[in-house]
2 protein chains.
Amino acid sequence: MAQARGNTRQRIQDVALELFAEQGYEKTSLREIAERLDVTKAALYYHFKTKEDIIIGIFQDLARPIDELVAWAAEQPRTLETKKEILRRYHSALTDAAPLFRFMHENQATVRDLSIGLTFKERFVALNEFIQDPAAPIKDKVRAVSAIFALHAGTFFMQNIEGDPEEKQEAVLEVALDLIEQAEQAKQAKQA
Amino acid sequence: MAQARGNTRQRIQDVALELFAEQGYEKTSLREIAERLDVTKAALYYHFKTKEDIIIGIFQDLARPIDELVAWAAEQPRTLETKKEILRRYHSALTDAAPLFRFMHENQATVRDLSIGLTFKERFVALNEFIQDPAAPIKDKVRAVSAIFALHAGTFFMQNIEGDPEEKQEAVLEVALDLIEQAEQAKQAKQA
DNA sequence: GTCTATATACCGATAGAC
DNA sequence: GTCTATCGGTATATAGAC
């Protein structure tokens with residue numbers, strides 16, 4: 001009774017994500033999760049039907065911000081400012097749920113065929129379409145994709161670079177915004 | 001005897017990489033690899049001491065170009081042209097061994113603690129250091145990391161964008177080169 | 001809601017014949 | 001160099017008591 005009553009489900013998800021992120025999904029057994037919580041494997045099965053259900057639950061809770069972003073983006077005019085705002089919001093979502101996205105990033109092979117409606121990658125593709133201009137030259141399309149990828153790079157790989165974390169995050173966002181601006185500049189130059 | 005004699009080891013590696021890339025390392029069993037080759041599991045153990053040895057063998061064969069690139073880079077002056085050449089060669093290595101790098105990318109959690117001397121990520125970090133200027137402002141450091149990441153984006157995510165594959169690959173490299181040039185421009189402006 | 005106990009299945013790995 | 005047979009271990013998942 002170290003903890004309160006109705007939160008076992010949540011605690012399972014918390015511990016599971018921690019272990020999944022640390023060791024990978026397959027290498028983490030239910031026994032391990034149960035031990036960390038001081039319960040038995042059987043107890044987990046009261047809260048989740050399968051192991052997959054655990055990760056699906058985590059995913060759905062934390063991926064909601066991305067879905068909201070996709071929904072929001074669908075209603076906006078396709079201006080440069082909209083695209084920049086998409087990148088800002090995506091950057092923010094990535095930062096808020098960093099452990100989850102780190103897990104998704106490092107376990108794509110596992111996550112790929114979970115019984116989830118949309119995968120991480122599909123959401124990525126959806127966002128990508130909003131910031132792409134179908135008529136743009138290939139190089140500008142690459143710039144747009146790279147803008148999103150730069151945000152990922154910032155979230156997952158910037159630990160290898162020294163500097164104040166907040167300052168780094170800001171720089172990452174700036175580079176992404178620069179890229180999308182460059183992608184649009186060529187278009188405007190063409191129209192002029 | 002559908003195939004020749006001394007190539008069984010190679011055939012195991014080929015099939016294994018194919019399955020590992022498709023389903024992930026953990027979800028691919030030795031039984032599955034053996035079945036695909038029409039041999040038994042025990043036969044695999046004649047050629048490889050463990051399952052891990054199979055992936056390590058694949059990795060070492062195909063990662064050698066990266067190691068050579070790192071070694072080459074260490075001997076070059078740290079000019080802009082060197083950095084651009086590093087990106088060109090890395091892009092080329094990525095393209096040549098795309099299935100392996102795709103596997104590495106999607107199975108980082110698994111690959112992380114294999115008994116390999118250097119991980120994929122460590123090589124990435126090494127290359128990153130060669131194209132970084134320690135004195136540069138954070139934003140330029142981010143640009144440099146993003147240049148490498150753009151190459152990865154190109155190798156793994158560009159399938160979602162229509163266009164001629166070769167043209168796309170060229171555009172990817174151009175964007176990466178642009179990023180490293182931008183990172184250096186600020187520095188030169190500062191010196192002037 | 002959590003427990004003990006167990007079913008069932010598959011995995012990686014080895015021994016030893018051919 | 002490949003086979004048959006099997007060992008030992010662990011995994012997910014379930015049945016049923018409390």
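The sequence lines fix the lettering, A, B, ..., with proteins before strands; numbering per chain opens at 1. Only a predicted model underlies this, so the values are computations on that prediction, with no experimental measurement involved. Below, all heavy atoms of this structure are taken into account, side chains as well, without hydrogens, waters or symmetry copies.
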Let me know the distance between CD1 of Ile54(B) and C1' of dA13(C), rounded to the nearest Å.
12 Å
Applying side-chain contact (heavy atoms from CB on, under 4.5 Å) to Pro165(A) and not counting sequence neighbours gives none
Could you check whether Asp140(A) pairs with Arg143(A) (Lys NZ or Arg NE/NH1/NH2 to Asp/Glu carboxylate O, under 4.0 Å)?
yes
Could you pull out all residues at least two apart from Thr95(A) that satisfy side-chain contact (heavy atoms from CB on, under 4.5 Å)?
His91(A), Gln169(A)
Using whole Å, what does the distance between atom P of nucleotide dG1(D) and atom CG of Asp38(B) come to?
18 Å
With sugar-phosphate taken as primed atoms, P, OP1 and OP2 and all else as base, the protein-contact string of nucleotides 9-18 of chain D at under 4.0 Å (heavy atoms; B, S, -) is --SBBBB---
In residues 15-24 of chain B, what residues come within less than 4.0 Å of DNA chain C, judged by heavy atoms?
none
Anything under 3.5 Å between a donor and an acceptor, one on a side chain of residues 15-25 of chain B, the other on a protein residue two or more places apart or in another chain? List them.
{"residue": "Glu18(B)", "atom": "OE2", "partner": "Arg36(B)", "partner atom": "NH1", "Å": "3.2"}
{"residue": "Gln23(B)", "atom": "OE1", "partner": "Thr28(B)", "partner atom": "OG1", "Å": "3.1"}
{"residue": "Gln23(B)", "atom": "NE2", "partner": "Glu32(B)", "partner atom": "OE2", "Å": "2.9"}
{"residue": "Tyr25(B)", "atom": "OH", "partner": "Glu52(B)", "partner atom": "N", "Å": "3.4"}

Can you list the residues that meet the side-chain contact (heavy atoms from CB on, under 4.5 Å) rule with Lys84(B), with sequence neighbours excluded?
Leu80(B), Glu81(B), Arg88(B), Leu177(B), Ile180(B), Glu181(B)
So, OP1 or OP2 of dT4(C): does either fall under 4.0 Å of a side-chain N or O from Thr40(A)?
no
Cut-off 3.5 Å, no hydrogens considered: what does the side-chain donor-acceptor table look like for residues 63-73 of chain A, sequence neighbours left out?
{"residue": "Asp67(A)", "atom": "OD1", "partner": "Arg123(A)", "partner atom": "NH1", "Å": "2.3"}
{"residue": "Asp67(A)", "atom": "OD2", "partner": "Arg123(A)", "partner atom": "NH1", "Å": "2.6"}

Counterpart residues, ring-ring contact (aromatic ring centres under 6.0 Å, His included), relative to Phe124(B) (two or more places apart)
Phe157(A), Phe149(B), His152(B)
Side chain to side chain donor-acceptor pair (under 3.5 Å) filter on Lys41(B), not counting sequence neighbours, yields none
Tell me whether the side-chain N/O atoms of Tyr46(A) come closer than 4.0 Å to OP1 or OP2 in dT2(C).
no
Atom pair distance, as rounded to whole Å: CD in Glu35(A) and C1' in dC3(C):
15 Å
